[in-house]
Number of protein chains: 2
Amino acid sequence: MSKGIVKIAEICGVSIATVSRVLNNSGPVKESTRARILQIAQELNYKPNSNARSLSRRRTDTIGVILPELVDEFFMGVIQGINEVANRHQRYIMLSSSHSQRDELETMLEFMNGGRVDGVILMAPALHHTMKTILKSNTRPLVLLNCRPGIPGIVSINFDNFQGAKVATEHLIQHGYQKIAMITGPEINNDARERFRGFQSALKENNINLPESFIVPGEFNIESGYYGFMRLMSLPEKPRAIFAANDMMVLGAYEAAKSLKLRIPEDVAIAGFDDIFLGRLLNPRLTTVHAPIVEMGRAAMQQILKMVDEKWRPEEEYTIHLSTGLVIGGSCGCKNNNGNNFV
Amino acid sequence: MSKGIVKIAEICGVSIATVSRVLNNSGPVKESTRARILQIAQELNYKPNSNARSLSRRRTDTIGVILPELVDEFFMGVIQGINEVANRHQRYIMLSSSHSQRDELETMLEFMNGGRVDGVILMAPALHHTMKTILKSNTRPLVLLNCRPGIPGIVSINFDNFQGAKVATEHLIQHGYQKIAMITGPEINNDARERFRGFQSALKENNINLPESFIVPGEFNIESGYYGFMRLMSLPEKPRAIFAANDMMVLGAYEAAKSLKLRIPEDVAIAGFDDIFLGRLLNPRLTTVHAPIVEMGRAAMQQILKMVDEKWRPEEEYTIHLSTGLVIGGSCGCKNNNGNNFV
DNA sequence: ACATAAAATGTAAACGTTTACATTTCTTGT
DNA sequence: ACAAGAAATGTAAACGTTTACATTTTATGT
């Protein structure tokens, strides 16, 4: 027997066009037939075949999301925000996390040219140049997370890393520390670079000298935080405070401090960036910059929907900065009055 | 001008059938034309339209994944495993996390009848009965995570909660503790029930009495762990050891212990379940049961692909148990020799 | 050179919708 | 009762593939 819309049409003794009109609320249909069709559809448990539908309408109601990896609390937050807005607008999300850059490119190509999605949210703190050329062709709406490629017609969303880092650093300065070091993030990472710039800027404006040795490179993971801390503390002239480019590295630093029997913040103060869940459990609680990750996911989805639904495209490069905020714990030297430290 | 496969056909001066054959490696094609077609396709940056393709082949190479919420490290792990296998098999994953049960049902219906996916992985520790009726119609391959609905033809994958809980409890018993309490999980949660059963079983086999007051209900979150611990410690007869149904609750318990100035494990020993990242950072490090979450994701994807590709369906109810393992920290009373406690 | 089979290619009908356009059926005012 | 316009419905052509079947071309053995 016939299927889908045709079946309904046969049962109701109308044409498929009428059925389609009812199902999509397009064009006028007599109330009685509308009701009848709706009822039969209900009874048959009918759901329109989305492939046929997408083929015809040339849109899928699906947004592709490409993330670098799926390991972090960080990505979880972004997905959560994306999903939230997607749900609200009845969109589906196609998720892909690519381990290799090869995968990333392949997926992007598929998304851009394969008709699988209406638009793409790409999170890529570091952009392969082949990817850049792909992005320039710019076939479908695209929102970039955590990077600014300088390509017209593309929206990118970033934390205000510069400002956040600056504020955190200023806070350390206000405590009276003069010897402040930083454990940076990977050179290629856009966030990392901006955070470093913010740090520098704060020092400069306060006329605080920054010796080369006070800049140690990290990799955004626990281990590099550990070794970064160790390295700083083995300097002849030790820093009094450390700003770490992300919280993960702070975890390593705490561990290192413990094994060196250094107290935080009495011997060395610390501030981080991201405001991961764990930071709130540290003892002393971590002073850090809150990165609004869920908000980033939401904003990304909202932007992409705007582009898809309203065919809106930015004229030039268009960057949204999500403002960050300082979360004060005890690690910077502030009196830490919260009782959330389990450990 | 014409598009897609037609365009290629025109340029190469062949029929679309030939192009299709080349692109899909179906049927024989002369080597020279094959090469030619492939080259043109390459030049045009051609990707087959997946909607047309799916419509025709009646498969989408996409697997739907429905999760209850997207907040936890737990879900992240599952997705990671799913994604890993999906990548390897060139499949796409459509992710949906539903906050309301209404959403969950709606999404399931769409996935099952809308032709958007080839199969569904559903994680639902508690199953709405409407969902059960939907599942019985059983239109597409389905893998259930963390629940066993007792419906034939459906695969479900679970941690070996019973065994894990039993082993953990036995470990506490081996330390010589006789007064052992448990903070349980939500009644409706399948994992929670099984873990409780394992706990009971261990006590019973060792002839240890379990007073009613030693069973306090929790909600799998930090707060309930906190209050559960408080409640147990305000009993006239306090437990010497506590088994918590998951690690999140342990976090609350640690906090409570701290505020009561009770030492772990000297005053009260603790064991948890899940082996979350955080547990390794606690001081003392948490003794817990490792739940192989990434493995669960992988297994789920593998099963669903088996069902999709080989049209395999289990005759009856079919449950896979992923074995758990005890991770020994210091919270149970063991000498904790690892140096990973940052805090 | 010819019959026969194998290899290569082409034709056309699906797949299940949407939608522009055409046609029929109602209203409504006269 | 009729014309004119509005409302309701129908027809058929897309959308871009895959694939069964038919046809043409090429290779092989005699």
Side-chain angles (χ1 to χ4, degrees), chain A residues 1-38 40-41 44-62 110-118 139-140, chain B residues 1-38 40-41 44-62 110-118 139-140:
Chain A
M1 186 164 184
S2 48
K3 293 178 90 180
I5 214 180
V6 180
K7 184 168 184 180
I8 298 183
E10 282 170 3
I11 295 180
C12 296
V14 296
S15 75
I16 57 171
T18 303
V19 178
S20 177
R21 272 188 285 257
V22 170
L23 263 23
N24 296 295
N25 264 309
S26 59
V29 175
K30 210 208 299 184
E31 196 43 44
S32 63
T33 56
R34 141 164 289 126
R36 197 162 142 55
I37 289 173
L38 246 27
I40 299 294
L44 294 180
N45 233 310
Y46 170 79
K47 288 278 170 191
N49 180 300
S50 63
N51 294 124
R53 178 180 262 229
S54 296
L55 184 57
S56 185
R57 288 160 115 208
R58 245 153 302 179
R59 65 181 290 197
T60 59
D61 290 340
T62 302
E110 171 73 24
F111 280 176
M112 281 300 185
N113 305 329
R116 224 175 256 279
V117 301
D118 296 334
T139 15
R140 283 174 204 278
Chain B
M1 185 163 185
S2 47
K3 293 179 90 179
I5 213 180
V6 180
K7 185 168 183 179
I8 298 183
E10 281 171 3
I11 296 180
C12 295
V14 296
S15 77
I16 57 170
T18 302
V19 178
S20 177
R21 272 187 285 256
V22 169
L23 263 24
N24 295 295
N25 262 309
S26 59
V29 175
K30 210 209 295 186
E31 197 42 45
S32 63
T33 55
R34 142 165 287 126
R36 197 161 143 58
I37 290 172
L38 246 27
I40 300 294
L44 294 180
N45 233 310
Y46 170 80
K47 287 277 171 193
N49 179 299
S50 63
N51 294 123
R53 178 181 262 231
S54 296
L55 184 57
S56 184
R57 289 163 114 206
R58 244 154 303 174
R59 65 181 289 196
T60 59
D61 290 340
T62 302
E110 171 73 23
F111 280 176
M112 280 302 185
N113 305 330
R116 224 174 254 279
V117 301
D118 297 334
T139 16
R140 282 174 204 278

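Letters go in sequence order (proteins before strands), and every chain restarts at 1.
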Residues 3-13 of chain B, side-chain donor-acceptor partners within the protein, below 3.5 Å, at least two apart:
{"residue": "B/E10", "atom": "OE1", "partner": "B/S2", "partner atom": "OG", "Å": "2.7"}
{"residue": "B/E10", "atom": "OE2", "partner": "B/S2", "partner atom": "OG", "Å": "3.2"}

Applying side chain to side chain donor-acceptor pair (under 3.5 Å), can you list everything that pairs with [X], at least two apart in sequence or on another chain?
X	value
A/R34	A/N25
A/R140	none
A/T62	B/R116

**Message:** With rounding to the nearest 0.5 angstrom, report the OH to CD1 distance, B/Y46 to B/I37.
**Reply:**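 It is 11.5 Å, given to the nearest 0.5 Å.
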**Asked** If you round to the nearest 0.5 Å, how far is NZ of A/K47 from OG1 of B/T139?
**Response**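 B/T139 atom OG1 to A/K47 atom NZ measures 12.0 Å (nearest 0.5 Å).
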**Request:** Just grab all the salt bridge (charged side-chain N to carboxylate O under 4.0 Å, His left out) pairs involving residues 17-30 of chain A, residues at least two apart or on different chains.
**Result:**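 Residue pairs passing salt bridge (charged side-chain N to carboxylate O under 4.0 Å, His left out), neighbours aside: none found.
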**Message:** Report for the helix from C/dA1-D/dT30 to C/dT30-D/dA1: angle between first-end and last-end helix axes, five pairs each, rounded to 10 degrees.
**Reply:**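 Between the axes fitted at each end of the helix from C/dA1-D/dT30 to C/dT30-D/dA1 lies an angle of 30°.
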**Sequence-aligned protein contact record of nucleotides 7-17 of chain D, with B where the base is within under 4.0 Å of a protein heavy atom and S where only the sugar-phosphate is** = -SBBB---BBB
**Request:** Please state how far atom CG in A/N25 lies from atom C1' in C/dT19, giving the value in whole angstrom units.
**Result:**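 It works out to 16 Å between those atoms.
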Name the atoms and distances for all side-chain donor-acceptor pairs under 3.5 Å in residues 48-57 of chain B, with sequence neighbours left out.
{"residue": "B/N49", "atom": "OD1", "partner": "B/N51", "partner atom": "N", "Å": "2.7"}
{"residue": "B/N49", "atom": "OD1", "partner": "B/A52", "partner atom": "N", "Å": "2.9"}
{"residue": "B/S50", "atom": "OG", "partner": "A/G114", "partner atom": "O", "Å": "3.2"}
{"residue": "B/R53", "atom": "NH2", "partner": "B/N24", "partner atom": "OD1", "Å": "2.8"}
{"residue": "B/S54", "atom": "OG", "partner": "B/S50", "partner atom": "O", "Å": "2.7"}
{"residue": "B/S54", "atom": "OG", "partner": "B/R59", "partner atom": "O", "Å": "3.2"}

